[in-house]
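Everything on this sheet refers to the single structure shown next.
Quick caveat, the model's predicted, so the values are computed rather than measured.
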Protein chains: 2
Amino acid sequence: MGRTRLGRDDWADAALDALADGGLAAVAVEPIAARLGATKGSFYWHFANRDALVEAALARWADRHTDAVIRELDPITDPAERLAALLDATIGRPVANRAELALLAHADHPAVAPVLAAVTARRVEFIAAAYQQMGCTARDARHRAVLGYTAHIGLIQAQRATAGALLPDADRPAYLRFLAGVIRPPAGD
Amino acid sequence: MGRTRLGRDDWADAALDALADGGLAAVAVEPIAARLGATKGSFYWHFANRDALVEAALARWADRHTDAVIRELDPITDPAERLAALLDATIGRPVANRAELALLAHADHPAVAPVLAAVTARRVEFIAAAYQQMGCTARDARHRAVLGYTAHIGLIQAQRATAGALLPDADRPAYLRFLAGVIRPPAGD
DNA sequence: CATGCTCCGTACGCTAGCGTATGGTCGAAC
DNA sequence: GTTCGACCATACGCTAGCGTACGGAGCATG
């Protein structure tokens, strides 16, 4: 199991895994080497230093959880349907959420900050575009997008903070319906 | 300046400061000792270990930014007015927000988790009570409270992530009005 | 002015993780 | 089948921060 030789990508994948379930601090050379059954000797052949590993993990994350999702959803022409698909691809994705939280936790880190800023802007942009297509003004569309996105971010944070006690699973669908009703633009077409 | 002898409270205050502007990792004995112009010798007289210092900082935070605020606002009888006062005491408080973010960043830390859970529950409870007093059902009041609170948490996160570019200061009042309009219960009285 | 207690500084050992140096292994090419 | 280069292990030094041991300062009390 596992090739005998490791490539740069193997390290990057392992780094993203470590990020998701141990936070940024877990993106550490020696622990990951142990997990891969290798040593630092291998790592420093493929990467200059730890920062390079962090950046590789970040790039992977941005691609998988933002760029790829947008690429897949963009072809959907109906904006409401597109948003529904986004919700479906976003809600209740524990792995994605864990990496998300880990990065939010280090938003001021020099390597994390630019990636996070770009990803956040791109996502809100994507949502706002849909609302605008539904007939909202640019300003109103942006407000709805910001509300939807921040409500999502805030909810995963608060849910983790309270171990899910804030909003029991049984109440979740009702809350989501409430939220959708509140954000939905008035009439539109 | 600065007494020659330090007390337990001096260390706890310094720890809360360090937490606010350097995160949980900054609640470290030696750096804080240096900032206080003292050494570890002093610290280990007043505290058993670093964890005790973290807990002291946490307790201070919970009291100052939740218990004290609620104590002060609870006497306001009109629920709408009470919520307005809460908003006023919460929005745009950079120091409070920084500590907030630092703790959210370590929600899974064994010492942080229980404090954060209690604080979150207490705050949402406080907001929901106001909406219920305005005539909402318990369930609806809770939904509005969760939305309001998570939108707030999410916004400070996203604003930090984008260095404030997500919602420019000029657009902030308009967004807040939009949000208030959306959360406000239908008729009430 | 001796005694004792409170508070603090200094010096030390310990650990985890980063980064480097150096030599070894394995496959491919010739 | 030797040679070369890609890849990796071992061993080392370095740093920051935790925690401990111990001695000394300073003040109150008798």
Sequence neighbours left out, cut at 3.5 Å: what donor-acceptor pairs do the side chains of residues 149-157 of chain B make with other protein atoms?
unit_1	atom_1	unit_2	atom_2	d
B/Tyr149	OH	B/Arg123	NH1	3.0
B/Thr150	OG1	B/Val146	O	2.8
B/Thr150	OG1	B/Leu147	O	3.3

Between the protein and nucleotides 3-9 of chain D, are there any N/O to N/O pairs under 3.5 Å, and if so, what are the atom names and distances?
unit_1	atom_1	unit_2	atom_2	d
D/dC7	OP2	A/Trp45	NE1	3.1
D/dC7	O4'	A/Arg5	NH2	3.1
D/dC7	O3'	A/Arg5	NE	3.4
D/dC8	OP1	A/Leu6	N	2.3
D/dC8	OP2	A/Leu6	O	3.3
D/dC8	OP2	A/Ser42	OG	3.1
D/dC8	OP2	A/His46	NE2	2.8
D/dA9	OP2	A/Thr39	N	2.8
D/dA9	OP2	A/Thr39	OG1	2.7
D/dA9	O5'	A/Thr39	OG1	3.4

(message) Using 0.5 Å steps for rounding, measure from the CG atom of B/Leu73 to the OG1 atom of B/Thr90.
(response) 8.0 Å
(request) Using the salt bridge (Lys or Arg N to Asp or Glu O under 4.0 Å) rule, collect all pairs that involve residues 47-56 of chain A, keeping only residues at least two apart or in two chains. (result) none
(request) Send over the distance from B/Tyr44 OH to C/dC12 P, rounded to a whole Å. (result) 18 Å
(message) Once side chain to side chain donor-acceptor pair (under 3.5 Å) is applied, do any residues pair with A/Asn97, and if so which ones, sequence neighbours excluded?
(response) none
Please list every donor-acceptor pair under 3.5 Å in which a side-chain atom of residues 167-185 of chain A meets a protein atom from a residue at least two apart or in another chain.
unit_1	atom_1	unit_2	atom_2	d
A/Asp171	OD1	B/Arg139	NH2	3.1
A/Asp171	OD1	B/His143	NE2	3.3
A/Asp171	OD2	B/His143	NE2	3.2

(request) Name every residue in residues 24-36 of chain A that has at least one heavy atom under 4.0 Å from any atom of DNA chain D, in order of residue number, or write none if there are no such residues. (result) none
(request) Report the distance from atom CG of A/Leu53 to atom P of C/dG17, rounded to the nearest whole Å. (result) 14 Å
(request) Using the salt bridge (Lys or Arg N to Asp or Glu O under 4.0 Å) rule, collect all pairs that involve residues 153-167 of chain A, keeping only residues at least two apart or in two chains. (result) none
(message) Please report the distance, rounded to the nearest Å, between CG in A/Asn49 and P in C/dT20.
(response) 8 Å
With a 3.5 Å cut-off and sequence neighbours excluded, list the donor-acceptor pairs that the side chains of residues 101-116 of chain B form with protein atoms.
unit_1	atom_1	unit_2	atom_2	d
B/His109	ND1	B/Ala111	N	2.9

Pairs of donor and acceptor atoms involving the side chains of residues 127-136 of chain B, under 3.5 Å and at least two apart or interchain, shall be tabulated with distances.
unit_1	atom_1	unit_2	atom_2	d
B/Gln133	OE1	B/Arg82	NH2	2.8
B/Gln133	NE2	B/Thr77	O	3.1

